[in-house]
Number of protein chains: 2
Amino acid sequence: MREDLPLSTTHEVRDRCLCLQLQRAARSIGRRFDSALRPLGLSHGQFSLLTALNRPEPPLLGAVAELLALDRTTLTANLKPLERRGLVRVESDAVDGRRRRLVLTDAGRDVLVEALPVWRHTHDGIDDLLGSLDSAALRDALSALTWELSREETAAVTAP
Amino acid sequence: MREDLPLSTTHEVRDRCLCLQLQRAARSIGRRFDSALRPLGLSHGQFSLLTALNRPEPPLLGAVAELLALDRTTLTANLKPLERRGLVRVESDAVDGRRRRLVLTDAGRDVLVEALPVWRHTHDGIDDLLGSLDSAALRDALSALTWELSREETAAVTAP
DNA sequence: CAGAATTATGTTGACATCAACTTATTTCTG
DNA sequence: CAGAAATAAGTTGATGTCAACATAATTCTG
């Protein structure tokens with residue numbers, strides 16, 4: 001070990017880094033939902049995306065990207081497999097030609113109706129797993145963190 | 001809206017799904033660290049990986065994958081760009097020919113030494129951002145969640 | 001109202017992620 | 001000790017992720 005990189009540094013990052021802990025937890029829980037949803041041919045991300053599109057008015061691409069805290073270009077990419085399967089349709093907005101509306105098709109709704117009980121069951125299992133841990137508090141903390149980070153991002157761009 | 005897919009379902013998922021909240025938070029914080037580490041040519045994942053390799057004995061591939069809660073094949077892929085840059089070397093284990101040891105090179109240590117203050121500074125900023133929110137408690141909850149999920153995974157495979 | 005600034009999105013290239021399948025070694029069993 | 005079982009990794013193909021750059025449409029300004 002070099003003097004400027006003691007083992008304690010490794011432990012410092014492992015024990016303190018919220019980013020690392022978040023990536024680990026996100027990957028672990030993502031795999032869990034992927035596995036549960038596999039019979040339906042959906043990944044956890046696809047499930048979240050389809051759910052986000054179930055609204056009275058088909059939402060705008062940018063709005064969905066923001067809701068999912070996802071890069072717009074990533075969302076464009078994620079739509080491709082769903083479009084191919086006919087679960088989603090992308091349309092130009094009637095009023096503003098730049099905008100794209102993400103339309104959940106009837107086939108998309110059918111898949112979603114099948115997926116929902118799977119999601120509920122899987123989530124119940126995770127809540128059980130967490131036991132004494134307050135999963136609602138955890139969710140709220142994550143939501144707050146995402147919100148604060150996105151606020152700063154916007155501020156950085158908007159700053160004079 | 002269809003009767004079997006009311007808007008309330010969309011809100012149920014948005015408000016309850018721990019998986020969605022985790023992915024959102026992980027993406028947001030990941031972008032933040034990516035941006036901070038960009039001058040060094042490192043992503044947040046590469047930083048975590050290099051840090052994990054800073055040990056007296058070069059760790060085994062499988063052990064690192066488990067530590068990062070990462071699929072083994074993903075880790076193999078992630079090593080490629082770091083190997084190309086000469087920051088990491090993969091060696092066969094002397095004792096067991098199946099095993100691979102992940103060696104952090106001197107160049108890798110140099111980059112890590114540069115990256116550490118950037119990581120500390122970025123993390124301080126996030127702790128400030130969280131304010132009243134207990135970031136240590138959040139980390140511990142995430143760690144516990146990852147642990148429980150991985151425990152179940154192992155059990156499922158090992159089951160008689 | 002014409003050109004500039006802004007806004008919303010698309011394209012490309014590099015890397016990240018995982019499942020399913022395959023290969024190489026080691027260990028276990030008879 | 002030879003074949004079977006188990007273990008550790010590699011390979012392939014599909015998808016997810018983002019930054020940098022480019023395009024198209026709208027709005028703003030003089």
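So you know, we letter chains A, B, ... as the sequences are listed, proteins then strands, and number each from 1.
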State whether [X] places a side-chain N or O below 4.0 Å from either non-bridging phosphate oxygen (OP1 or OP2) of [N].
X       : N      : result
B/Asn78 : C/dC15 : no
A/Gln46 : D/dG16 : yes
A/Arg27 : C/dT17 : yes
B/Thr74 : C/dA16 : no
A/Thr73 : D/dT17 : no

| Stepwise, does the salt bridge (charged side-chain N to carboxylate O under 4.0 Å, His left out) test hold for B/Glu91 with B/Arg89? | CA-CA 6 Å; B/Glu91 295 180 351; B/Arg89 210 173 48 243; 3.1 Å; yes
| message | Can you work out whether B/Asp34 or B/Ala63 has the more 5'-proximal nearest nucleotide on DNA chain D? | response | B/Ala63
| said: Looking at the base of D/dT7, is there any donor atom on it, or on the side chain of B/Arg98, that sits under 3.5 Å from an acceptor on the other one? | reply: yes
| field | NZ or CZ of A/Arg16 within 45° of B/Trp119 ring axis and under 6.0 Å | value | yes
| message | Any side-chain to backbone donor/acceptor pair from B/Ser35 onto B/Arg31? Under 3.5 Å, distance only. | response | no
| task | With side chain to side chain donor-acceptor pair (under 3.5 Å) as the test, would you mind laying out the steps for B/Ser43 and B/Asp34 before giving the verdict? | result | CA-CA 5 Å; B/Ser43 66; B/Asp34 284 350; 4.7 Å; no
| said: Can you work out whether A/Gly62 or A/Arg31 has the more 5'-proximal nearest nucleotide on DNA chain C? | reply: A/Gly62
| query | Between C/dA16 atom P and B/His44 atom NE2, what is the distance in whole Å? | reply | 9 Å
| task | Measure from the side-chain heavy atoms of A/Ser43 and tell me the nearest of C/dA19, D/dG16, C/dT9. | result | D/dG16
